[in-house]
Amino acid sequence: DPADPELQALAAWTAGIAALAGGALAQSEQCLVRAHDGFAAAGDRQHAAETLVPRIVALAMAGRDAEAVACGETARARF
């Protein structure tokens with residue numbers, strides 16, 4: 001169901017990982033943010049936190065080190 005927020009979050013997460021694997025770092029980060037926000041809105045805190053891990057990679061590879069560190073600290077606090 002396209003209206004299912006968890007399904008949309010999962011699709012965004014998958015797209016984010018695919019973009020990361022393909023080197024599209026900005027696209028990956030955007031998808032992972034959408035995935036995080038979708039899972040959080042659905043009340044799925046565990047999956048929301050899990051989207052932060054590949055987001056750290058995307059940010060670091062893009063040279064956005066301060067943001068990667070901040071994202072990592074957020075992830076660590078949730079696990």
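For this chain, numbers begin at 1 and follow the sequence in order.
Of all the heavy atoms in Pro54 and Leu20, the pair that sits closest is O-CD2, 3.9 Å. In this structure, Trp13 and Glu50 approach most closely via the heavy-atom pair CH2-OE1, 3.5 Å. Phe39 approaches Leu10 most closely through the heavy-atom pair CZ-N, 3.8 Å. Summarising the geometry of Ile56 relative to Cys71, their closest heavy-atom pair is CG1-SG, 3.8 Å, with the distance given to 0.1 Å. The two atoms that bring Ala35 and Ala9 nearest to each other are CB-O, 3.4 Å, heavy atoms only.
Although no hydrogens or angles enter the test, the distance criterion places no donor-acceptor pair under 3.5 Å between the side chain of Ser28 and the main chain of Ile17.
Residues His47 and Glu6 form no side-chain contact, since every pair of their non-hydrogen atoms from C-beta on lies 4.5 Å or further apart.
Listed by chain and residue number, nothing satisfies the side chain to side chain donor-acceptor pair (under 3.5 Å) test with Gln27 (two or more places apart in sequence, or in another chain). Residues forming a side chain to side chain donor-acceptor pair (under 3.5 Å) with Asp37 (at least two apart in sequence, or on another chain): none. In this structure Arg45 satisfies the side chain to side chain donor-acceptor pair (under 3.5 Å) test with no other residue, sequence neighbours excluded.
Remark: Arg78 CZ to Glu73 CD distance equals 13.0 Å, nearest 0.5 Å. Distance check, rounded to the nearest 0.5 Å: CZ of Arg55 to CZ of Arg64 gives 7.5 Å.
Note: the hydrophobic cluster containing Leu32 does not contain Leu59 (ILVMFWY, side chain heavy atoms under 4.5 Å, direct or indirect links).
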